[in-house]
Amino acid sequence: MTEAAQTYRPVAATVPALPDPVVVGRLLSELAQNSHAAMTATMKKAVSSEPLPYDPTLVARSFLEFQMGLMRDPRRLLELQAKSLDDWTALWRTMAERAVGQTPAPLAEPAKGDRRFSAPAWREEPVYDFIKQAYLLAARQIQDTVAAAEVDERTRTQVDFFSRQLINALSPTNYAATNPEVVRRTIETGGVNLMTGLTNLLEDLSSEEGLVKRRAPAAFEVGVNMASTPGAVVFQNELFQLIQYAPTTEQVFRRPLLFVPPLVNKYYLFDLTPRSSYLKWLVDQDHTVFVISWANPDESLKDKDLGDYVRDGVLAAIGAVEQATGETGLDLVSYCLGGTLSAMTLAYLAATDQADRVSSATLIAALVDFKSIGEWSVFIGEEELAAFDRYLDDKGYVEAHDLTKLFATVRANDLIWSSVVSHYLLGDEARPSDLLAWFDDGARIPAATLKQYGRDILLRNRLKDAGGIEIDGVPLDLKAIETPVFVVALKDDHVSAWKDTYEGRFNFGGETRFILGGSGHNAGMINPPSANKHGYWTNDAAPTDAEAWLEAAQNKPGSWWPEWQAWLATDDKIEPRNPGEGPLKAIEAAPGSYVRKA
């Protein structure tokens with residue numbers, strides 16, 4: 001018998017408890033305070049005239065087209081209805097078989113990685129098992145119906161996305177009466193968990209962000225135990241600060257390394273706690289490491305576009321690194337949107353006969369061809385972008401919490417509903433997490449940048465086309481890039497799908513290497529060798545088909561960092577360089593002031 005089976009007690013067997021009157025009194029006081037704050041905030045939002053960052057008619061328009069598509073093929077609709085009846089009849093039959101002591105195979109089970117139904121009661125207790133299977137069966141039938149409708153793929157993607165949001169919201173795990181863990185906790189605490197959860201809910205409603213807060217002890221502080229790798233800011237302008245890290249080894253590679261993070265969130269995803277810091281690991285591997293810490297823009301930077309971020313951002317940082325080290329030809333490493341900016345920079349350098357300023361480029365989880373952006377296409381259409389433009393024109397930038405809501409919606413079960421259950425139903429605090437602390441510390445993006453990115457990069461996909469994008473009148477052509485490029489993709493990436501990232505390697509004109517890391521967009525990136533997690537795939541061949549590459553690839557354990565580092569570390573070594581000792585003097589200690597700006 002497993003340990004879980006030995007310790008498991010049915011929900012009905014749990015002995016009810018009486019709540020602590022002192023705790024109840026405190027919670028009632030907090031409920032009163034938070035109720036008033038939530039009501040005030042709700043009334044303020046109700047009378048607000050600020051434009052919405054989305055088109056509120058999108059859902060109605062998508063489902064209207066979907067309904068018309070279903071009606072165009074009544075025979076297929078009848079087939080789906082007949083299949084639905086068969087499925088429900090089979091579910092009732094298996095439940096009846098279980099009631100008389102049989103053990104029928106389940107008709108519907110959670111998908112791999114779905115942790116919502118991990119509690120033993122969802123398997124051990126017939127009522128909860130039925131609730132679980134009925135929900136999963138209904139969800140599958142909804143998705144089958146969406147897949148069968150005669151609609152264009154854009155409408156199908158929209159309806160599928162909104163349907164999954166509804167399916168996720170209606171999960172029985174999200175409601176007190178149908179979640180066995182919540183029922184047990186309610187009995188054990190005498191309902192204190194629900195009072196705590198209601199207090200938490202009202203507190204969140206009183207904020208302007210409209211997000212489920214991740215309640216965890218304040219265990220992390222920027223500059224103390226996060227973003228704490230020693231170094232100094234050696235250059236700054238209105239768009240970024242440039243941090244140079246202090247060496248930790250007796251010699252360093254001659255070529256300096258410049259890391260370009262994305263504009264979304266702040267750079268210290270790559271410098272979390274010391275044990276997981278990617279940037280510290282690079283320093284320990286004999287690199288002179290520089291990183292861009294982007295400014296958190298306000299309305300004064302509303303007119304800064306992608307060209308500004310290339311010219312006054314990446315190019316300015318390259319120039320500062322050259323000045324600080326006296327070297328021409330650095331290793332350029334970038335991630336996500338930082339990779340897209342780096343590709344644009346490489347194309348600009350190639351077009352202006354300056355390609356020798358970058359000796360190698362690494363693009364991690366970054367796209368340069370946006371022909372397939374999956375469910376992100378839900379938000380990328382002329383009507384949706386027009387609504388977003390009105391929001392941007394009103395503010396001059398996108399709010400960090402609106403970006404956070406967008407990313408959270410795409411991964412609702414992990415980033416929304418798990419917190420709903422934990423904080424509103426169970427009344428729990430979250431375990432301290434450096435990654436979640438970083439995720440909640442969002443950054444804004446200027447209006448002009450997002451407008452150009454939305455239309456020219458996402459909607460019209462111009463970056464892949466020669467001359468599709470220009471900077472200061474210079475047309476960009478990715479095929480003109482002959483700098484060696486190392487492309488890193490992540491297998492479960494929901495932002496930059498790995499197959500699209502793989503195909504992006506063929507947009508460059510020079511040598512490319514490709515490696516596939518395990519896990520998702522953030523966790524797969526922050527994968528220190530000491531953790532020995534996730535694994536990765538390598539294959540020196542470059543077939544045009546991504547699946548063919550994977551089929552012939554070798555799966556290796558642990559982190560992809562050392563494998564990539566071996567490709568990078570081909571330079572001779574010199575004496576280490578200390579921040580501020582060269583022509584660029586130290587302005588302030590790392591992590592600098594830009595990263596602290598809310």
Side-chain angles (χ1 to χ4, degrees), residues 233-244 256-271 279 289-325 330-352 354-355 357-358 361-364 366-368 396-398 400 403 442-454 456-457 463 469-474 476 478 481 483 584 587 590-595 597:
V233 174
V234 296
F235 176 86
Q236 66 183 33
N237 61 23
E238 60 182 346
L239 287 185
F240 73 96
Q241 286 187 321
L242 183 69
I243 299 171
Q244 179 181 354
L257 184 150
L258 172 63
F259 187 85
V260 184
L263 305 180
V264 181
N265 292 98
K266 297 180 179 178
Y267 87 89
Y268 66 89
L269 168 64
F270 314 97
D271 189 25
L279 296 174
V289 178
F290 295 81
V291 64
I292 290 175
S293 174
W294 296 114
N296 197 5
D298 55 23
E299 191 176 9
S300 67
L301 298 179
K302 65 180 181 180
D303 294 324
K304 299 296 182 181
D305 61 14
L306 288 172
D308 292 303
Y309 274 96
V310 169
R311 181 183 56 254
D312 300 328
V314 183
L315 282 172
I318 291 173
V321 172
E322 292 170 339
Q323 188 177 356
T325 63
L330 52 73
D331 293 315
L332 187 65
V333 185
S334 52
Y335 172 79
C336 192
L337 179 52
T340 306
L341 288 173
S342 292
M344 295 172 67
T345 303
L346 292 171
Y348 181 86
L349 291 173
T352 55
Q354 302 178 73
R357 297 177 70 184
V358 177
T362 299
L363 308 183
I364 306 169
L367 294 174
V368 294
Y397 53 84
V398 64
L403 287 172
R444 298 179 288 271
I445 301 179
T449 296
L450 273 180
K451 286 183 179 182
Q452 185 181 12
Y453 184 72
D456 291 344
I457 303 295
L463 180 57
I469 303 287
E470 293 186 358
I471 295 176
D472 293 339
V474 177
L476 305 184
L478 299 181
I481 298 172
T483 304
L584 293 183
I587 298 172
S593 54
Y594 284 19
V595 74
K597 182 179 178 181

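Residues take their numbers from the sequence shown, with the count starting at 1.
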field: Listed partners of Y594 passing ring pair (Phe, Tyr, Trp, His ring centres under 6.0 Å), at least two apart
entry: none
- prompt: Looking only at atom types and distance, does a side-chain atom of Q241 sit under 3.5 Å from a main-chain N or O of S593, one as donor and one as acceptor?
  reply: yes
field: Where P446 and P297 come nearest, the two heavy atoms and their spacing
entry: CD-CG, 3.6 Å
Qualifying residue, where the test is side chain to side chain contact (heavy atoms under 4.5 Å, CB included) with S334 and the options are L363, T362, L341: L363
- prompt: So, do Q354 and Y348 sit near enough that their side-chain heavy atoms are less than 4.5 Å apart?
  reply: yes
query: Given side chains that start at C-beta, do those of L239 and I292 come closer than 4.5 Å, heavy atoms only?
result: no
- line: Between G307 and Q452, the two heavy atoms sitting closest are N-OE1, 4.1 Å
statement: Applying salt bridge (charged side-chain N to carboxylate O under 4.0 Å, His left out) to K597 and not counting sequence neighbours gives D298
query: Looking only at heavy atoms, what is the nearest atom pair of L403 and A443, with distance?
result: CD1-O, 3.6 Å
- request: Keeping the roles fixed (side chain from N296, backbone from R444), state whether a donor-acceptor pair exists under 3.5 Å.
  value: yes
query: Which residues satisfy the side chain to side chain donor-acceptor pair (under 3.5 Å) test with T340, sequence neighbours excluded?
result: none
- request: Compare all side-chain heavy atoms of L279 with those of Y267 and state whether any distance is below 4.5 angstrom.
  value: yes
field: Nearest-0.5 Å distance, NZ of residue K302 to OH of residue Y397
entry: 11.5 Å
task: For L346 and A361, work out which heavy atoms get closest and say how close.
output: CD1-CB, 3.6 Å
All ring pair (Phe, Tyr, Trp, His ring centres under 6.0 Å) counterparts of F259, not counting sequence neighbours: F270, Y278
- prompt: Rounded to the nearest 0.5 Å, how far apart are CG of L306 and NZ of K451?
  reply: 13.5 Å
- request: Hey, could you give me the CD/CG distance between E322 and L584, rounded to the nearest 0.5 Å?
  value: 11.0 Å
- prompt: Taking side chain as C-beta onward, heavy atoms only, is L269 less than 4.5 Å from P261?
  reply: no
- prompt: For the atom pair CD1 (I445) and CG (L263), what is the distance rounded to the nearest 0.5 Å?
  reply: 5.5 Å
Non-neighbouring partners of E470 that pass salt bridge (charged side-chain N to carboxylate O under 4.0 Å, His left out), sequence neighbours left out: none
- prompt: Rounded to the nearest 0.5 Å, how far does CG of L301 lie from OG1 of T449?
  reply: 9.0 Å
field: Verdict with reasoning, L257 to L330, per side chain to side chain contact (heavy atoms under 4.5 Å, CB included)
entry: CA-CA 6 Å; L257 184 150; L330 52 73; over 6 Å; no
query: Which atoms form the tightest heavy-atom contact between A343 and I481, and what is the distance?
result: O-CD1, 3.6 Å
Please tabulate, for side-chain N and O atoms in residues 309-321, each donor-acceptor pair with protein atoms closer than 3.5 Å (sequence neighbours left out).
from, atom 1, to, atom 2, distance (Å)
R311, NH1, D472, OD1, 2.8
R311, NH1, D472, OD2, 3.2
R311, NH2, D308, OD1, 2.5

task: Take L242 and L258, measure what side chain to side chain contact (heavy atoms under 4.5 Å, CB included) needs, and give me the verdict at the end.
output: CA-CA 9 Å; L242 183 69; L258 172 63; 3.8 Å; yes
task: Take I469 and I457 through the test side chain to side chain contact (heavy atoms under 4.5 Å, CB included) and record every step on the way to the result.
output: CA-CA 9 Å; I469 303 287; I457 303 295; 4.1 Å; yes
Straight-line distance of L463 CG to L478 CG, nearest 0.5 Å: 4.5 Å
task: Kindly give the heavy-atom pair with the smallest separation between I243 and P591, and that separation in Å.
output: CD1-O, 3.5 Å
